[in-house]
2 protein chains.
Amino acid sequence: MARFSYQDESVSDETLQQICPLTVTQNVIAGRWKIVILWHLSQTEMIRFSALLKKLPGISKGILTRQLRELEEDELVHREVYKVVPPKVEYSLTEQGQKFIPVLAAMQVWGKEFINKKIEIKK
Amino acid sequence: MARFSYQDESVSDETLQQICPLTVTQNVIAGRWKIVILWHLSQTEMIRFSALLKKLPGISKGILTRQLRELEEDELVHREVYKVVPPKVEYSLTEQGQKFIPVLAAMQVWGKEFINKKIEIKK
DNA sequence: CAGCATCCATATCGATACTG
DNA sequence: CAGTATCGATATGGATGCTG
(Lines give C-alpha, C1' and ligand atoms only; values in the text may rest on other atoms or scores of the structure.)
Protein backbone atom coordinates (compact mmCIF):
# COMPACT_ATOMS: atom_id res chain seq x y z
CA MET A 1 0.00 0.00 0.00
CA ALA A 2 1.22 3.43 -0.88
CA ARG A 3 1.25 5.20 2.44
CA PHE A 4 -1.23 8.00 2.76
CA SER A 5 -2.30 7.71 -0.83
CA TYR A 6 -5.99 8.39 -0.81
CA GLN A 7 -6.44 7.47 -4.42
CA ASP A 8 -8.77 4.55 -3.94
CA GLU A 9 -12.10 6.21 -3.39
CA SER A 10 -13.77 2.91 -2.60
CA VAL A 11 -12.10 2.94 0.80
CA SER A 12 -13.21 5.42 3.41
CA ASP A 13 -10.72 7.79 5.00
CA GLU A 14 -11.41 6.22 8.33
CA THR A 15 -10.51 2.76 7.09
CA LEU A 16 -7.34 4.04 5.47
CA GLN A 17 -6.28 5.76 8.63
CA GLN A 18 -6.80 2.59 10.57
CA ILE A 19 -4.48 0.85 8.14
CA CYS A 20 -1.85 3.57 8.41
CA PRO A 21 0.92 2.13 10.59
CA LEU A 22 1.64 5.47 12.22
CA THR A 23 -1.96 6.08 13.18
CA VAL A 24 -2.33 2.56 14.47
CA THR A 25 0.72 2.98 16.66
CA GLN A 26 -0.48 6.31 17.93
CA ASN A 27 -3.84 4.90 18.89
CA VAL A 28 -2.27 2.03 20.80
CA ILE A 29 -0.05 4.26 22.92
CA ALA A 30 -2.46 7.15 23.26
CA GLY A 31 -3.21 6.64 26.95
CA ARG A 32 -1.79 9.00 29.51
CA TRP A 33 0.42 6.36 31.16
CA LYS A 34 0.92 3.71 28.52
CA ILE A 35 4.37 4.66 27.36
CA VAL A 36 5.73 4.86 30.87
CA ILE A 37 4.07 1.56 31.74
CA LEU A 38 5.64 -0.09 28.72
CA TRP A 39 8.99 1.31 29.70
CA HIS A 40 8.75 -0.08 33.22
CA LEU A 41 7.71 -3.46 31.86
CA SER A 42 10.71 -3.36 29.54
CA GLN A 43 12.99 -2.99 32.56
CA THR A 44 11.96 -6.24 34.25
CA GLU A 45 10.86 -9.72 33.28
CA MET A 46 7.69 -9.44 35.29
CA ILE A 47 6.24 -7.02 37.75
CA ARG A 48 3.39 -7.20 40.20
CA PHE A 49 0.49 -4.83 40.01
CA SER A 50 1.32 -3.24 43.34
CA ALA A 51 4.99 -2.81 42.43
CA LEU A 52 4.07 -1.16 39.16
CA LEU A 53 1.70 1.12 41.02
CA LYS A 54 4.54 2.29 43.25
CA LYS A 55 6.69 3.09 40.26
CA LEU A 56 4.04 5.39 38.87
CA PRO A 57 3.56 8.22 41.34
CA GLY A 58 0.35 10.07 40.67
CA ILE A 59 -1.60 7.26 39.06
CA SER A 60 -4.55 5.66 40.80
CA LYS A 61 -5.32 1.96 40.96
CA GLY A 62 -8.35 2.30 38.75
CA ILE A 63 -6.48 4.10 36.03
CA LEU A 64 -3.55 1.71 36.10
CA THR A 65 -5.95 -1.19 35.73
CA ARG A 66 -7.66 0.42 32.77
CA GLN A 67 -4.44 1.27 30.98
CA LEU A 68 -3.15 -2.25 31.51
CA ARG A 69 -6.40 -3.77 30.26
CA GLU A 70 -6.15 -1.77 27.07
CA LEU A 71 -2.53 -2.75 26.54
CA GLU A 72 -3.57 -6.32 27.17
CA GLU A 73 -6.32 -6.06 24.60
CA ASP A 74 -3.84 -4.76 22.07
CA GLU A 75 -1.61 -7.67 23.05
CA LEU A 76 1.40 -5.66 24.12
CA VAL A 77 1.08 -6.84 27.69
CA HIS A 78 0.59 -10.24 29.24
CA ARG A 79 -1.30 -10.66 32.48
CA GLU A 80 -0.49 -13.66 34.64
CA VAL A 81 -2.93 -14.34 37.44
CA TYR A 82 -1.85 -16.58 40.30
CA LYS A 83 -4.81 -18.08 42.05
CA VAL A 84 -3.66 -17.47 45.58
CA VAL A 85 -4.95 -15.54 48.55
CA PRO A 86 -4.25 -12.70 48.64
CA PRO A 87 -4.26 -12.36 44.86
CA LYS A 88 -1.04 -12.02 42.94
CA VAL A 89 -0.91 -10.74 39.41
CA GLU A 90 2.18 -10.21 37.32
CA TYR A 91 2.51 -8.20 34.16
CA SER A 92 5.05 -8.60 31.41
CA LEU A 93 5.60 -7.63 27.80
CA THR A 94 4.38 -9.96 25.09
CA GLU A 95 6.47 -10.55 22.00
CA GLN A 96 4.63 -7.71 20.31
CA GLY A 97 5.33 -5.61 23.38
CA GLN A 98 9.07 -6.40 23.20
CA LYS A 99 9.02 -5.22 19.62
CA PHE A 100 7.89 -1.85 20.86
CA ILE A 101 11.11 -1.25 22.79
CA PRO A 102 12.90 0.36 19.80
CA VAL A 103 10.14 2.95 19.67
CA LEU A 104 10.65 3.70 23.35
CA ALA A 105 14.38 3.97 22.72
CA ALA A 106 13.90 6.40 19.84
CA MET A 107 11.51 8.49 21.92
CA GLN A 108 13.98 8.57 24.75
CA VAL A 109 16.81 9.72 22.52
CA TRP A 110 14.68 12.48 21.09
CA GLY A 111 13.36 13.50 24.48
CA LYS A 112 16.87 13.91 25.82
CA GLU A 113 17.88 16.10 22.92
CA PHE A 114 14.74 18.13 23.42
CA ILE A 115 15.42 18.64 27.11
CA ASN A 116 19.05 19.52 26.52
CA LYS A 117 18.07 22.12 23.98
CA LYS A 118 15.58 23.65 26.39
CA ILE A 119 18.22 23.87 29.09
CA GLU A 120 20.74 25.46 26.74
CA ILE A 121 18.30 28.14 25.75
CA LYS A 122 17.73 29.08 29.37
CA LYS A 123 21.43 29.68 29.93
CA MET B 1 20.01 11.58 36.05
CA ALA B 2 18.96 8.06 36.81
CA ARG B 3 15.82 7.63 34.80
CA PHE B 4 12.72 7.10 36.84
CA SER B 5 14.65 7.01 40.04
CA TYR B 6 12.51 8.81 42.55
CA GLN B 7 15.19 8.82 45.20
CA ASP B 8 15.57 12.54 45.53
CA GLU B 9 12.63 13.53 47.67
CA SER B 10 13.41 17.20 47.27
CA VAL B 11 12.04 17.03 43.73
CA SER B 12 8.33 16.66 43.14
CA ASP B 13 7.02 13.80 41.05
CA GLU B 14 5.66 16.30 38.63
CA THR B 15 9.02 17.90 38.07
CA LEU B 16 10.68 14.54 37.63
CA GLN B 17 8.12 13.50 35.08
CA GLN B 18 8.71 16.66 33.18
CA ILE B 19 12.36 15.80 33.06
CA CYS B 20 11.72 12.23 31.96
CA PRO B 21 12.57 12.08 28.25
CA LEU B 22 9.80 9.62 27.49
CA THR B 23 7.13 11.70 29.14
CA VAL B 24 8.40 14.84 27.48
CA THR B 25 8.22 13.19 24.10
CA GLN B 26 4.78 11.85 24.76
CA ASN B 27 3.49 15.25 25.73
CA VAL B 28 4.86 16.85 22.60
CA ILE B 29 3.20 14.39 20.26
CA ALA B 30 0.01 13.93 22.24
CA GLY B 31 -2.28 15.74 19.81
CA ARG B 32 -4.69 13.79 17.68
CA TRP B 33 -3.00 14.74 14.38
CA LYS B 34 0.55 15.65 15.34
CA ILE B 35 2.28 12.47 14.34
CA VAL B 36 0.66 12.39 10.95
CA ILE B 37 1.43 16.07 10.45
CA LEU B 38 5.07 15.48 11.30
CA TRP B 39 5.15 12.59 8.86
CA HIS B 40 3.76 14.72 6.05
CA LEU B 41 6.25 17.45 6.80
CA SER B 42 9.02 14.88 6.70
CA GLN B 43 8.00 13.96 3.17
CA THR B 44 8.54 17.43 1.69
CA GLU B 45 10.82 20.38 2.19
CA MET B 46 7.93 22.74 2.70
CA ILE B 47 4.21 22.54 2.39
CA ARG B 48 1.48 25.13 2.25
CA PHE B 49 -1.28 25.19 4.80
CA SER B 50 -3.93 24.39 2.23
CA ALA B 51 -1.92 21.51 0.79
CA LEU B 52 -1.42 20.02 4.22
CA LEU B 53 -5.11 20.36 4.89
CA LYS B 54 -5.89 18.32 1.80
CA LYS B 55 -3.55 15.58 2.92
CA LEU B 56 -5.41 15.21 6.17
CA PRO B 57 -8.95 14.13 5.39
CA GLY B 58 -11.22 14.63 8.34
CA ILE B 59 -9.36 17.46 9.99
CA SER B 60 -10.81 20.96 10.09
CA LYS B 61 -8.92 24.17 9.46
CA GLY B 62 -9.19 25.26 13.04
CA ILE B 63 -7.78 22.03 14.39
CA LEU B 64 -4.93 21.95 11.92
CA THR B 65 -4.00 25.47 12.90
CA ARG B 66 -4.02 24.60 16.58
CA GLN B 67 -1.92 21.48 16.16
CA LEU B 68 0.58 23.38 14.04
CA ARG B 69 0.78 26.18 16.57
CA GLU B 70 1.58 23.73 19.31
CA LEU B 71 4.24 22.01 17.23
CA GLU B 72 5.63 25.43 16.47
CA GLU B 73 5.73 26.30 20.14
CA ASP B 74 7.65 23.12 20.83
CA GLU B 75 9.94 24.08 17.98
CA LEU B 76 9.44 21.01 15.85
CA VAL B 77 7.84 23.01 13.09
CA HIS B 78 8.81 26.22 11.34
CA ARG B 79 6.19 28.58 9.99
CA GLU B 80 7.15 30.81 7.11
CA VAL B 81 4.74 33.59 6.32
CA TYR B 82 4.92 35.30 2.94
CA LYS B 83 3.39 38.72 3.07
CA VAL B 84 1.41 38.50 -0.12
CA VAL B 85 -2.24 38.70 -1.06
CA PRO B 86 -3.77 36.20 -0.85
CA PRO B 87 -1.69 35.00 2.09
CA LYS B 88 0.79 32.19 1.66
CA VAL B 89 2.20 30.22 4.57
CA GLU B 90 4.59 27.32 4.36
CA TYR B 91 5.39 24.82 7.05
CA SER B 92 8.53 22.77 7.43
CA LEU B 93 10.40 20.76 10.02
CA THR B 94 12.97 22.51 12.18
CA GLU B 95 16.20 20.78 13.03
CA GLN B 96 14.58 19.45 16.17
CA GLY B 97 11.71 18.29 14.01
CA GLN B 98 14.06 16.46 11.66
CA LYS B 99 15.50 14.67 14.64
CA PHE B 100 12.08 13.27 15.30
CA ILE B 101 12.03 11.30 12.05
CA PRO B 102 13.69 8.22 13.59
CA VAL B 103 10.83 8.03 16.07
CA LEU B 104 8.34 8.13 13.22
CA ALA B 105 10.30 5.42 11.47
CA ALA B 106 10.31 3.20 14.54
CA MET B 107 6.59 3.74 15.01
CA GLN B 108 5.95 2.86 11.42
CA VAL B 109 7.92 -0.37 11.66
CA TRP B 110 6.06 -1.40 14.75
CA GLY B 111 2.70 -0.40 13.31
CA LYS B 112 3.27 -2.57 10.27
CA GLU B 113 4.14 -5.57 12.38
CA PHE B 114 1.08 -4.92 14.48
CA ILE B 115 -1.20 -4.76 11.45
CA ASN B 116 0.31 -7.85 9.90
CA LYS B 117 -0.22 -9.78 13.09
CA LYS B 118 -3.84 -8.69 13.25
CA ILE B 119 -4.40 -9.82 9.68
CA GLU B 120 -2.76 -13.18 10.32
CA ILE B 121 -5.00 -13.84 13.25
CA LYS B 122 -8.09 -13.19 11.17
CA LYS B 123 -7.08 -15.87 8.66
C1' DC C 1 -3.85 -7.66 46.83
C1' DA C 2 -5.89 -6.50 42.83
C1' DG C 3 -9.26 -5.34 41.14
C1' DC C 4 -14.39 -3.18 39.48
C1' DA C 5 -18.29 0.31 39.24
C1' DT C 6 -19.51 4.81 39.41
C1' DC C 7 -19.39 9.51 38.97
C1' DC C 8 -17.45 14.06 38.18
C1' DA C 9 -14.04 17.28 36.18
C1' DT C 10 -11.58 18.74 32.48
C1' DA C 11 -9.18 18.74 28.19
C1' DT C 12 -9.42 18.13 23.59
C1' DC C 13 -11.75 17.77 19.57
C1' DG C 14 -14.54 19.40 16.08
C1' DA C 15 -18.14 22.37 13.76
C1' DT C 16 -19.38 26.81 12.51
C1' DA C 17 -19.23 31.55 11.46
C1' DC C 18 -16.44 35.45 10.70
C1' DT C 19 -11.99 38.18 8.92
C1' DG C 20 -7.59 40.62 7.00
C1' DC D 1 -5.66 31.81 1.59
C1' DA D 2 -4.95 31.26 6.10
C1' DG D 3 -6.32 32.04 9.61
C1' DT D 4 -9.28 33.48 14.59
C1' DA D 5 -13.08 33.04 17.97
C1' DT D 6 -16.55 30.62 20.01
C1' DC D 7 -19.14 26.97 21.67
C1' DG D 8 -20.98 22.34 22.21
C1' DA D 9 -19.94 17.30 22.23
C1' DT D 10 -17.25 13.64 23.75
C1' DA D 11 -13.53 11.10 25.53
C1' DT D 12 -10.30 10.51 29.07
C1' DG D 13 -8.60 10.95 33.38
C1' DG D 14 -8.97 10.69 38.15
C1' DA D 15 -11.19 10.13 42.90
C1' DT D 16 -13.81 7.23 45.72
C1' DG D 17 -16.02 3.35 47.71
C1' DC D 18 -16.90 -1.51 47.51
C1' DT D 19 -15.38 -6.65 46.89
C1' DG D 20 -13.52 -11.67 46.34
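So you know, we letter chains A, B, ... as the sequences are listed, proteins then strands, and number each from 1. Quick note: numbers below take in every heavy atom, side chains included, and nothing from hydrogens, waters or symmetry partners.
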What is the separation between atom [atom1] on [X] and atom [atom2] on [N], rounded to the nearest whole Å?
| X | N | atom1 | atom2 | value |
| --- | --- | --- | --- | --- |
| B/Glu70 | D/dG3 | CD | C1' | 16 Å |
| A/Glu90 | C/dC1 | CD | P | 14 Å |
| A/Ile63 | C/dA5 | CD1 | P | 14 Å |
| A/Lys34 | D/dA11 | NZ | C1' | 13 Å |
| A/Leu68 | C/dC4 | CG | C1' | 14 Å |
| B/Leu64 | C/dT12 | CG | C1' | 16 Å |
| B/Asn27 | D/dT12 | CG | C1' | 15 Å |
| A/Arg32 | C/dT10 | CZ | P | 16 Å |

N or O in side chain of [X] less than 4.0 angstrom from [N] OP1/OP2:
| X | N | value |
| --- | --- | --- |
| A/Arg48 | C/dC1 | no |
| A/Gln67 | D/dT12 | no |
| A/Ser50 | C/dA2 | yes |
| B/Arg66 | C/dG14 | no |
| B/Trp33 | C/dT12 | no |
| B/Tyr91 | D/dG3 | yes |
| A/Arg69 | C/dC4 | yes |

Legend entry - Interatomic distance, B/Leu56 atom CG to B/Leu52 atom CG [nearest 0.5 angstrom]: 5.0 Å
Inset, instruction - Determine to 10° how strongly the helix from C/dC1-D/dG20 to C/dG20-D/dC1 is bent, judged from the axes of its five-pair ends. - result: 50°
Has the side chain of [X] got a donor or acceptor atom that lies under 3.5 Å from a matching backbone atom of [Y]?
| X | Y | value |
| --- | --- | --- |
| A/Gln98 | A/Ser42 | no |
| A/Trp110 | B/Ile101 | no |
| B/Gln67 | B/Trp33 | yes |

Inset, instruction - Side-chain contact test, heavy atoms from C-beta onward, threshold under 4.5 Å: evaluate it for B/Lys117 versus A/Glu75 and give yes or no. - result: yes
Inset, instruction - Decide yes or no for B/Trp39 and B/Gln43: does some side-chain heavy atom of the first lie under 4.5 Å from some side-chain heavy atom of the second? - result: yes
Legend entry - Residue closer to the 5' end of DNA chain D, A/Lys61 versus A/Gly31 (nearest nucleotide): A/Gly31
Legend entry - Closest-nucleotide 5' rank along DNA chain C - winner of B/Ser60 and A/Pro86: A/Pro86
Inset, instruction - Report the residue (A/Pro87 or B/Ile59) whose heavy-atom-nearest nucleotide on DNA chain C is the more 5′ of the two. - result: A/Pro87
Inset, instruction - For the residue pair A/Tyr91 and A/Phe49, categorise the inter-ring angle as parallel (less than 30°), tilted (30 to 60°) or perpendicular (more than 60°). - result: tilted
Inset, instruction - Identify whether any heavy atom of B/Tyr82 sits under 4.0 Å from a base atom; if not, whether one sits that close to sugar-phosphate; answer base, sugar-phosphate or nothing. - result: nothing
Inset, instruction - Please say whether more than 12 non-hydrogen atoms of neighbouring residues, nucleotides or ligands are located less than 6.0 Å from CD in B/Glu80. - result: yes
